[in-house]
Structures are given as C-alpha cells and as structure tokens.
Undergrad: 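So that we are looking at the same thing, I have put the structure below in structure tokens.
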Amino acid sequence: MTSEQFIASKAVEAVKALYNTDVPASQMQVAVTRKEFEGDYTLVVFPLLRISHAAPAATGEAIGAWLTASCPEIAAYNAVQGFLNLSLSNLYWQESFDSIASDPDFGVLPSTGRRVMVEFSSPNTNKPLHLGHVRNNLLGSSVSDLLKAAGNEVIKTTLVNDRGVHICKSMYAWQKSFDGATPQTSGKKGDHLVGDCYVEFNNIYSAEVKELMASGLDEETAKKEAPSIKAAHDMLVKWEENDPAVRALWQMMNEWVFEGFEQTYKALGISFDKTYYEHETYLLGKELVRKGLDEGVFVKDPDGSVWCDLTADGLDRKLLLRSDGTSVYMTQDLGTAERRFAEYKLDSHVYVVGDEQNYHFQVLKLVLGKLGFAWADQIFHLSYGMVELPEGKMKSREGTVVDADDLIEKMYAEAKATSEESGKLEGLSEEEKDRLYHMIGLGALKYFILKVDPKKKMLFNPKESIDFNGNTGPFIQYTHARICSILRKAAEAGQGACTAPAELSAKEIRLVKILASYPQKVAEAAAAFSPALIANFAYELAKEFNQYYHDTPILKEPDAAVLALRLRLIGCIAAVLRKAMGILGIELPERM
RNA sequence: GGUUCCGUAGCUCAGCUGGAUAGAGCAACAGCCUUCUAAGCUGUGGGUCACGCGUUCGAAUCGCGUCGGAAUCACCA
C-alpha cells in the first residue's frame, strides 16, 4: 500500500466515523503536499463538503482532528481552505524506510501472470540504422524491461524486413557498380555497404529517368521504363521463383546487413528473444482473409480484390488481397498476429512503431476484432513521434540522416573528452576507462531520448552535442558515483556498523518519500508504456540527493547511529537509482 | 476534405485520471571547491499555459469552436 492509499483509507474511516457515510477510497483525493505548506500529504476536502454540510476549512479541521486522534501514524495536520495537510509520524517513515531497505526486490511488482510480446526495431535490410531507429530500439527495449518490472512475462521480438523490391535495388546496384566489394575488402560495415548500394541504385535510376525524359518520355512512363527499376523488379520475380543465383546474392547481402546490425544492437545493448524474418511470414494471413470472406466480414470486388469495409467505424475501405491474389502489408500483419497469439499464448501484444502508422494499427485492431478474435483489444500500438532535426525531418536524399553508429561513436568521444578533462579516473585500467566512456556516452544518448514522452515528436540538434549537465543521464550516473565513493570510504574506515536506532531528519524523510513512491511510478509508467516517467523519477531522486549531499555531512557525522542510518539511506538511493535507470537500459558507474 | 496527434519561459522538455502562487534543464547574470567527486550546489531575471467560449467551488488539465503545425487516408511497406 502506498502512503497515498494509506491516507485515503484512513480518510474513509474518518468520514464514516464523523458523518456516518461510506465513501470509496478511490474517490479520496490525496496528493503530495506542496512544499510551501507544512505536511507530507494533502487530502482535498472539497468533494466531501456535500457530506459534511460544513465549510471547507471546518470540514478539514474536523477530519484532521479525528485522524490525528485515531491514527498513531498521522502526527499532525493543518487545514488551509479546502486542503487538509497531514504529516505522517517519524515512526511511519522509519518503518517505510526499513521495508524498502530490506527488500531486494523493491520496485519489482508482483506477477500479473500475463505474457506480453513486444515487437520493436523491425528494420529494413537496405540501409543502416539511423536516429529514428535508435528511438524505436531504445523505447522498445526499455518498455520491455518496464513491463517486466511491472510483473509481466515479456517476449522481445523483431520482424526483419528482408525481402522486397528495396533489397533487389541494392542487389542490382551492387552487381552493376561495386566490382564485387565485400565488407572485408571494402573495410565497411555490412549494413553501410548495402546502404551505399541502395544510394547508388537511386543515382543510376534517376540518371536513367532523366535521360528517358530528355528523349521525350513523360515522367511517369520514364519512371516505369528505366532499365534499372525493371531489372530490380525482375530480380524480385526471380526471387519469388526461388532462382538460385538471385537467392544466393540476396542471402549474402542480407548476411552483411545482419552482421552490421548486430554490432549496432550490441553497442546499444539491445537484444531480442525471437527474431522473425519477412521472407518467412509474408505469405501469412491469406487463410484468415479466406475465413473472413466465408464469414461475410470481408467482401470481394468483381476484379478479385478483397476488402474490409470500415466506413461504419469512420474509416475507409481497406485492401486485404490484391486482384492478383497477392497479399499486402496488412494481410501479413493479420497473419503474424494470429500466429503469435496462438504460438506463445499471449495475453497482449505491444507494437513499437512510429506514429506515421497510426492508421494501420487502428485498422489492424478493428479487422482482428471483426474476425472474432477476443484478444484484438489487447493489441497496443506504442506510437512514438518522429525524431526531427532543426531543419525538419531527416531526409536520406539530402544527406541529413543522423547515422546510429556515427552518433554512438560521437557520444563515446564526448564522454572521453569530458572525463579526461575532469581527471578523476586515476588508477583505472585502459579497459575500464573504455567501458566507462561507453557507459557515459550511451547513458547520455539513452536518457536524452527516453526522457521525453514517447508520443511526442522530439528534436535533435546535431550541432549542439547532447549535454552532460543538468537533467541528463550523466548527471544521474555522477550522482551514483558520488554515493559509491562515500560508501567506499566508509567501508575502508570501517564505519557504518552501528545498529542503534536513529531518527530520520526532515530532509531524509523527503528522500524516503521519493523512494517509497517508486513502485507506484513503475505501475504508472507501465500502464502508460512510458519510460519517460521513470526517467523523471530518477532525476527527481538524484536532484534531491544532491541537495541533501551538499548540506549534510555523512562521513563526518559524530553520532555513529546517525552515520550508519545515513549510509543505509544513501545505499538505498543508489540501489533504487540503479533499478530505475536499469529500466532505461542505462548502467551506473561506481566512479566517473 | 475525413481521421488522429501536437501547441506550456529565448531553446529543450515536465506537469494533463480537474485542486493551493504553473516547474526543471540549457542559455544569461551573481555566488560556492584547504571540508564525503564542482558532470555538483545556491540565488536573480524570464509565462496571456496558441486564442475564444463553455462546464464548476476550482481549468494548463475536461467539452465545443478558431488559428497554427505534424502524420495519415495506395492493388507501397
């Protein structure tokens, strides 16, 4: 039970005793008291006036008096207008702190018994990952950990788009102008090499289109008749016919990309429990469409195409099978959803996909519902906003794409420079330093991206590097390193063994209050699929600690019992910071 | 045009299941390192919460409308 819930339950008792009326605890409004008022929590009494039939202040006064008289945990009260400010007893906070400190699983919520699949990343194999993918990956990975902390069993998955015209384009360009280059011979990461092929294809293609237009063709025809695009389409047909040469080339180039992606994932600390490949799943869903036709929820047009009419739901008609019987994106998604729910006995499925596909997922849910799947409303589209540059969207054609590998490298270099400047790392081996720079650089990047509400679009300015001061990952990492430093020194000096009781100060109670709110924060963040709430929590805790640190000496405290209490408290803060930041995929160093 | 989302300090963002005088960081300015790590702490300035109307004891938060921005509405994925 949280402190808010505790107060609410006591308020219910007070109202029952004073006014002989039952009010559900859920209707009690309890909030953390604003810092300019005395008290820990505030009960808003306005909603109770119709029960008390008295003025706001008088009602607050009456409830406050009852609570302090009847509950030993509630030590004092003051009523300001309709706000009843309550102070919990020192003993209450002491016990609260003890239970946090003694629970190694603090912040891990009891099991919900639910199994959730989270799909994220899902890249195309024709270009390297960029900043937009980084947001997707970090969100997906973090939400997975968040749902785990909230008591769910989580299966992380990704669907690699390894087939289609786009890959054929890269294949064609490679054959034509890359002279047999491989990642080994070119010294390029595989995904970058294939990305170069894709760019090269577009160069070839647009040159051809230009030429054809110069010879008198209109643009539309030129775009269709360009030899390179015809060759790419040809390759796709051959791929579908299982042509050995095309398949071999396709496999080789995909392998290059996978190896490249693997490196980037590793650098980001991303992993999956199950990887799907589109070449294995793109035919799924046709059976479902047939079933829908039989049941009359879909319709077939005279030309043979199959549609789902969603006009009654305020949407359009949606194509499910082309007139030639081939499937579209939606068909595949219907099929993979059905298969996953069946194979893994899922209770729900989260898709981490950009908000440009809101419509797609709206349709997916509706269609699955029409097909009669009870789990259709257990599908959640975690829709996140695009990452934009000051000039607007990233455009590969204009070369404004922020490459993931470059960015990671840059953050590492930045962390290294800052660390070397501060010169606090004496005694660490080169290997340890290297690990630390990576930890800090990545911490800055991950926090920068995860602290903003997923559904909002976010701005990234490549000219201003990601900050290491203020509300940042390194700030929290630094706070942790500070605490560790104190704990190290205490251990060396043999301090902190005293087990005599000691009282928490007002500032320490503030810290305990924040610590105690953590499980509730995890629950809220999981319900909202928002790691940003966890980031805000960690920042608030770190900031509060730093203030405490500045005006409260710990190792110099003469009273051994108080000193021991303080060490326990800061150890607890460090542990909770590790848990919270762990959900964001950010490691905290012991030194920096 | 339909649908959905967004608009809070110069900039980047919190706060949004209605509660007290709207908060942080960055940037600017002024302080604090012989004392547990200054990637820190303290202070100053900075706001018509896009605008209007409504709902009510109370609105940045809810509803309607207007303005501005984004996404989407393919026999693409």
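Chain letters run A, B, ... following the sequence lines, proteins first and then strands; every chain starts at 1. Because only heavy atoms are used, hydrogens play no part in the values below, and waters and symmetry mates are left out as well, while side chains stay in.
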Undergrad: Using a cut-off of less than 4.0 Å, is there contact between a side-chain N or O of A:Arg566 and OP1 or OP2 of B:rC36?
TA: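 False: A:Arg566 side-chain N/O out of range (4.0 Å or more) of B:rC36 OP1/OP2.
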
Undergrad: Is the shortest heavy-atom distance from the side chain of A:Tyr277 to the side chain of A:Thr275 under 4.5 Å?
TA: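 Yes - at least one pair of side-chain heavy atoms lies under 4.5 Å apart.
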
Undergrad: Applying a 4.0 Å non-hydrogen cut-off, can you work out what A:Thr311 is touching in the nucleic acid: base, sugar-phosphate, or nothing?
TA: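 A:Thr311: no heavy atom of the nucleic acid under 4.0 Å.
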
Undergrad: Within this structure, what is the CD1-to-P distance between A:Ile486 and B:rG40, rounded to whole angstrom?
TA: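 In whole Å, B:rG40 P and A:Ile486 CD1 are 16 Å from each other.
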
Undergrad: Is there a donor and acceptor pair, one atom on the side chain of A:Ser419 and one on the base of B:rA39, closer than 3.5 Å?
TA: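 It does, because a donor-acceptor pair links the side chain of A:Ser419 to the base of B:rA39 below 3.5 Å.
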
Undergrad: Using only side-chain N and O atoms of A:Arg322, determine if any of them is under 4.0 Å from OP1 or OP2 of B:rC76.
TA: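 True: A:Arg322 side-chain N/O within range (under 4.0 Å) of B:rC76 OP1/OP2.
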
Undergrad: Which pairs, protein N/O on one side and nucleotides 1-10 of chain B N/O on the other, fall under 3.5 Å?
TA:
residue	atom	partner	partner atom	Å
B:rG7	OP1	A:Lys456	NZ	3.4

Undergrad: Just N and O in the side chain of A:Tyr329: are any of them under 4.0 Å from OP1 or OP2 of B:rA77?
TA: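 A:Tyr329 to B:rA77 OP1/OP2: no side-chain N or O under 4.0 Å.
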
Undergrad: When all nucleic acid strands are considered with a 4.0 Å heavy-atom cut-off, which category describes A:Glu590: base, sugar-phosphate, or nothing?
TA: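 Base, at least one base heavy atom under 4.0 Å.
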
Undergrad: Atom CZ of A:Arg482 to atom C1' of B:rU37: distance rounded to whole Å?
TA: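 Atom-to-atom, A:Arg482 to B:rU37, this comes out as 6 Å.
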
Undergrad: With sugar-phosphate meaning primed atoms plus P, OP1 and OP2, does A:Met592 contact a base, only sugar-phosphate, or nothing at under 4.0 Å between heavy atoms?
TA: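 The answer is base, as A:Met592 lies within the cut-off (heavy atoms under 4.0 Å) of a base atom.
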
Undergrad: B:rC41 C1' sits how many Å from A:Phe475 CZ, rounded?
TA: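 Interatomic distance, CZ of A:Phe475 to C1' of B:rC41: 10 Å.
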
Undergrad: Answer with yes or no whether A:Lys556 presents, from its side chain, a donor or acceptor under 3.5 Å of a partner atom in the base of B:rU35.
TA: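 Side chain to base: no pair below 3.5 Å.
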
Undergrad: Find the distance A:Leu436:CG to B:rA39:P and express it as a whole number of Å.
TA: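 My rounded result for the distance is 14 Å.
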
Undergrad: Is the phosphate of B:rA77 approached by A:Tyr282 (side-chain N or O, under 4.0 Å from OP1 or OP2)?
TA: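 No, because none of the side-chain N or O atoms of A:Tyr282 sits under 4.0 Å from OP1 or OP2 of B:rA77.
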
Undergrad: Take nucleotides 18-31 of chain B nucleotide by nucleotide from the 5' end and write B, S or -, depending on whether a protein heavy atom sits under 4.0 Å from the base, only from the sugar-phosphate, or from neither.
TA: -BBS-SSSS-----

Undergrad: Figure out the CZ/C1' separation between A:Arg591 and B:rC36, and round it to whole Å.
TA: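 Computing the A:Arg591:CZ to B:rC36:C1' distance gives 15 Å.
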
Undergrad: For A:Phe361 and B:rC73, what is the distance between atoms CZ and C1' respectively, to the nearest whole Å?
TA: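 The distance from CZ of A:Phe361 to C1' of B:rC73 comes to 16 Å, rounded to the nearest Å.
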
Undergrad: Within the pair A:Gln357 and B:rU72, is there a side-chain N or O less than 4.0 Å away from OP1 or OP2?
TA: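 A:Gln357 to B:rU72 OP1/OP2: no side-chain N or O under 4.0 Å.
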
Undergrad: Looking only at side-chain N and O atoms, does A:Arg163 come under 4.0 Å of OP1 or OP2 in B:rC76?
TA: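 Negative; the distance criterion is not met.
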
Undergrad: What stems, by residue range, does RNA chain B take part in, given at least 3 consecutive Watson-Crick or G-U pairs under 3.5 Å?
TA: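 Runs of three or more consecutive pairs: B:1-7 with B:67-73, B:10-13 with B:23-26, B:28-32 with B:40-44, B:50-54 with B:62-66.
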
